Amino acid sequence: MHKTIIPIIDFQQIDNPEHQVTIARQIYHACTEHGFFYVSGHDVDDELQGELMEKSKLFFALVESEKLKIAMAKGGSAWRGFFPVNAELTSGKPDKKEGLYFGTELPDDHPKVNAGIPLHGRNLFPDYPPGFDQTVLAYVDAVTETAQLVMKGIALSLGLPANYFYSKYTSDPLILFRIFHYPTQAPKPAQWGVGEHTDYGLLTVLLQDSVGGLQVKSKGEWIDAPPIPGTFICNIGDMLDKMTGGLYRSTPHRVLNTSGQSRLSFPLFFDPGFDSKIEAITNIPDNIREQDTSQRWDKTNIHAFEGTYGEYLLQKIGKVFPGLRKEVL
Ligand SMILES: O=C(O)CCC(=O)C(=O)O
Ligand SMILES: [Fe+2]
């Protein structure tokens with residue numbers, strides 16, 4: 001097993017009052033120190049994870065023209081489908097990765113789809129490999145449950161009622177699920193798989209294969225966040241940073257794959273509902289930490305932002321896919 005200073009937190013007993021205080025303390029420590037932690041003791045089936053990895057491998061091994069049959073431009077404002085290597089500019093420069101964008105599956109006659117709300121709609125699933133759609137949807141459901149559980153722990157860690165986030169933001173969460181394939185590359189000159197960034201929402205739950213390459217900027221130092229079998233990596237996003245006045249910082253991270261192998265990763269973004277207005281948590285003193293605008297990768301002040309999560313997200317993703325934004329948003 002790889003060594004890392006990012007803590008592993010066992011969530012098995014999160015609903016057991018005898019263990020809640022200890023787990024909540026571990027979460028508080030991890031979120032104030034690193035903004036990242038590993039989650040063990042979750043209920044997501046190993047076999048389902050294995051199936052997801054196998055099917056993803058088969059999809060990315062297709063020739064590009066096959067993959068482009070479900071190009072993101074065809075997903076319209078639902079923002080779903082395949083994007084090729086160099087198409088996404090996370091930190092202003094093209095990323096050395098290709099990927100698939102999925103989300104909550106909503107039929108065309110769903111009120112939010114009818115109303116034309118961006119990021120809501122049907123998924124674009126490939127024909128090959130068969131059954132990829134069922135696997136993705138089952139995985140999204142299972143990890144969404146895990147994310148609800150982790151958010152419960154985060155609420156307790158802040159001295160809030162367990163259902164705080166659920167009742168205010170996540171009874172109908174915005175779920176974006178992505179599958180990334182980082183191709184092999186020569187070690188020099190290496191290109192970032194994903195440039196430095198923070199995640200936009202509440203909580204990211206990441207599954208990665210055994211290759212590694214994720215790096216996290218903890219207290220100014222870049223450290224590795226290697227895969228640990230049986231766990232997910234969780235990190236907090238900009239909205240939780242904003243709600244907590246910077247007590248729980250959304251931590252910069254990036255990916256460099258110089259392993260000589262190709263890498264797969266599976267981030268699920270568990271975010272407030274699109275129309276949620278993000279409010280400060282009242283039991284946390286204001287300005288608990290200094291503002292970090294000048295040090296932030298995007299030079300923005302998330303604490304000054306006012307509006308809904310949807311508004312925040314749209315301006316962010318518009319920047320990372322500039323061409324597509326003009327075409328479909
Ligand atoms: O691929 C990874 O390990 C991380 C991806 C990531 O940071 C993101 O999609 O926000
Ligand atoms: Fe990220």
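Order of listing sets the numbers, starting from 1, for every ligand and every atom in it. None of the values given here were measured: they were computed from a predicted structure.
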Point to revise | His29/Phe37 aromatic ring centres below 6.0 Å | key: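 So the answer is no for these two rings.
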
Number the atoms of ligand 1 from 1 as they appear, then name those within less than 4.0 Å of a heavy atom of [X], with their elements.
X      : answer
Tyr182 : 1 (O), 2 (C), 5 (C)
Phe269 : 8 (C), 9 (O), 10 (O)
Pro267 : 9 (O)
Leu206 : 2 (C), 3 (O)

Protein heavy atom at shortest distance from atom 4 (C) of ligand 1: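 Closest protein heavy atom to atom 4 (C) of ligand 1: Val255 CG2, 3.8 Å.
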
**Asked** Nearest protein heavy atom to atom 9 (O) of ligand 1, by residue and atom, and its distance?
**Response**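 The closest heavy atom on the protein side is Phe180 CE1, 3.0 Å.
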
Please work out, at 4.0 Å between heavy atoms, whether the side chain, the backbone, both, or neither of Asp199 comes within that distance of ligand 1.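 The side chain, only.
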
Side-chain ion pair, [X] and [Y], N-O less than 4.0 Å:
X      : Y      : value
Arg178 : Glu88  : yes
Asp275 : Lys112 : no
Lys69  : Asp127 : no
Lys55  : Glu51  : yes

Heteroatom of Asp199 nearest to the Fe ion (ligand 2) (N, O or S, atom name) |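 Looking only at N, O and S atoms of Asp199, the one nearest the Fe ion (ligand 2) is named OD1.
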
Exercise for review: Could you tell me how the ring of Phe36 sits relative to the ring of His253: parallel (under 30°), tilted (30 to 60°) or perpendicular (over 60°)?
Suggested key: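 Ring orientation, 0 to 90° scale: perpendicular.
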
Once you measure the plane-to-plane angle for Phe177 and Phe102, does it fall in the parallel (<30°), tilted (30-60°) or perpendicular (>60°) bin?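 It falls in the parallel class, under 30°.
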
How wide is the angle at the Fe ion (ligand 2) between NE2 in His197 and NE2 in His253, to the nearest 10°?
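Vertex at the Fe ion (ligand 2): approximately 90°.
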
Check: Between the candidates His181, Lys97, Arg263, Gln208, which shows the shortest non-hydrogen contact distance to atom 3 (O) of ligand 1?
Finding: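 That would be Arg263.
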
#### Entry: Test side chain to side chain donor-acceptor pair (under 3.5 Å) applied to Gln191 and Asn86, Thr258, Asn257, the passing residue
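Among the candidates, only Asn86 passes.
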
(message) Within the structure, is a non-hydrogen atom of His253 found at a distance of less than 4.0 Å from ligand 1?
(response)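 His253 counts as a contact of ligand 1 under the 4.0 Å cut-off.
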
Between ligand 1 and His197, can you find any atom pair, the residue atom being a heavy atom, that is separated by under 4.0 Å?
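The answer is yes, since His197 has a heavy atom less than 4.0 Å from ligand 1.
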
